[in-house]
Amino acid sequence: MNCEKARELLDAFLKGRMSGDESRSMRLHLASCASCASRLGPSEKIEMLPALDKTIEPSEDFAVRFHAKLQQRKATMSHNVSGERRGDAFLFGRRPWQLAVAGALAALIAVGILVRKSGDGSGLPDNPSDLIIAEKLSLFEDLPVINNLDLLENFDAIEKMTPALEGLTEQRSTK
Amino acid sequence: MEAAVGCGCRIQMADEAPIEDTDADLMLRFKAGDVEAFDRLFARHTRALINFAYRFVRNRGAAEELAQEIFLRVYEAAAGYEVQAKFTSWLYRIATNVCLNEIRKPHVRAILSKEEENCNVAAVDFPKLNRASLPPDRLLEQQAVSRALSRTLEQLPEKQRAAFILNKYEELSYGEVADAMKISEKAVKSLIHRAKETLAEKLRPLLPELMNL
């Protein structure tokens, strides 16, 4: 771009009305032509700065390295996809009867575990209501029967007491 | 003219003849299974994408890594590609996301700030300008401007920075920037206006030097 054209297009450039290539040419011209650049206002000088900034060229092996990275990414992606397929095949690649047998086995194992847990020898009562009574046993400690539980296990003494108790009952009923 | 690099991918040379196929055509052909079409897209946009990424990370190695990630995303996104907006808007939407995600990572921020301190002014290159025409003192001033510009760009909020880079470096129109950033055109104008104000304020001491270059 020459000075004459640059000055002609300066206004359009500053208003952002030029195409990308024209703007680039204008920036380059302004960055290398002090005379045209002097026409820019203080804040407008910012427009020419990008042309003064450093640009770099691709390394010679850039494309080779990209190609290697692309192959690596493809391999990773195919590995992930095949992994997902293997997971799907584990469930969906089987016949219905195989799935039914597997389900039944799983149910059997679950029942077995439950049964084992319910009688696991921990010393806790099997029945939940027994557990509640055991927890509240301390409330009945003051009752005489609780304090003499060992007497109830003496069946001979109880048998001997029975006729006497029956006589006592009859006397109360006649009264 | 395109230079073969050895893997089916080619890098476009500066004096390449006008290209007949549009980017969108090539992308559709690639979507249909034409791998060569992808190679041509790769060749066309390699340099631009590396430099685009470079504006964010200011490190050649990191910029090339980012550019490769952008191309990988393009490759993977081909199956869902539809011609809805300009191809460059679609491409730079991917590129902007990749670059912004990268510079948000704490370890990348740390590396960038460290490299900023060790920035080698002598390594700065200006292939666009005729360096031979500049006397050594002017060249140093120009390099100082470039360094100051890169520092100031890094200090911009990320959306202002992305909008400014897309519009002023990549020469995307406001509408294309809006498509790439998924924001309104009005928001793009506002972001660029604020970016320019900040840059003008921070670079004010260097602006007289720019006039003399």
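Order of the sequence lines fixes the chain letters, A, B, ..., with proteins taken first and strands second; residue numbering starts at 1 for each chain.
Contact count against chain B (heavy-atom pairs under 4.5 Å) is highest for A:R27 among A:E22, A:E44, A:R27. For the set B:E201, B:E176, B:E69, the count of heavy-atom pairs under 4.5 angstrom toward chain A peaks at B:E69.
Within the 4.5 Å cutoff, the side chain of A:S59 has heavy atoms near those of the B:R60 side chain. At a threshold of 4.5 Å between non-hydrogen side-chain atoms, the residues A:K74 and B:L72 do not count as touching. Within the 4.5 Å cutoff, the side chain of B:I50 has heavy atoms near those of the A:F62 side chain.
Looking at every heavy atom in both residues, B:L203 comes nearest to A:I46 through CD1-CD1, 4.5 Å. Closest of all the heavy-atom pairs between A:E47 and B:K196 is OE2-NZ, 2.8 Å.
Here the straight-line distance linking atom CD of A:E57 with atom CG of B:N51 works out to 7.5 Å at 0.5 Å rounding. Note that CD of B:E76 is 5.0 Å distant from CZ of A:R73, once rounded to the nearest 0.5 Å. Note that OH of B:Y169 and CG of A:L49 are 7.0 Å apart. Values are rounded to the nearest 0.5 Å. Here B:L172 contributes atom CG and A:S23 contributes atom OG; the two are 11.0 Å apart, rounded to the nearest 0.5 Å.
Environment of NZ in B:K31: crowded, with over 12 heavy atoms of neighbouring residues, nucleotides or ligands closer than 6.0 Å. Heavy-atom neighbours of A:R17 CZ from other residues, nucleotides or ligands within 6.0 Å: at or below the threshold of 12.
For A:F66 and B:Y75, the ring centers sit 6.0 Å or farther from each other.
Every residue two or more places apart in sequence or in another chain was checked for a side-chain hydrogen bond (donor to acceptor under 3.5 Å, both in side chains) with B:K159, and none qualifies. Annotation: side chain to side chain contact (heavy atoms under 4.5 Å, CB included) contacts of B:A77 (sequence neighbours excluded): B:W90.
Between B:E65 and A:R65, at least one side-chain N (NZ, or NE/NH1/NH2) sits under 4.0 Å from a carboxylate O, which counts as a salt bridge. Between A:D53 and B:R58 there is a salt bridge, with a side-chain nitrogen of the basic residue lying less than 4.0 Å from a carboxylate oxygen of the acidic one.
Contacts between B:F71 and chain A at a heavy-atom distance below 4.5 Å involve backbone atoms as well as side-chain atoms. Contacts between B:E197 and chain A at a heavy-atom distance below 4.5 Å are absent for every atom of the residue.
The main-chain N or O of A:P58 is never found under 3.5 Å from a side-chain atom of B:E64 such that the two would form a donor-acceptor pair. At distances below 3.5 Å, not a single donor-acceptor pair connects side-chain atoms of B:Q68 with backbone N or O atoms of A:A63.
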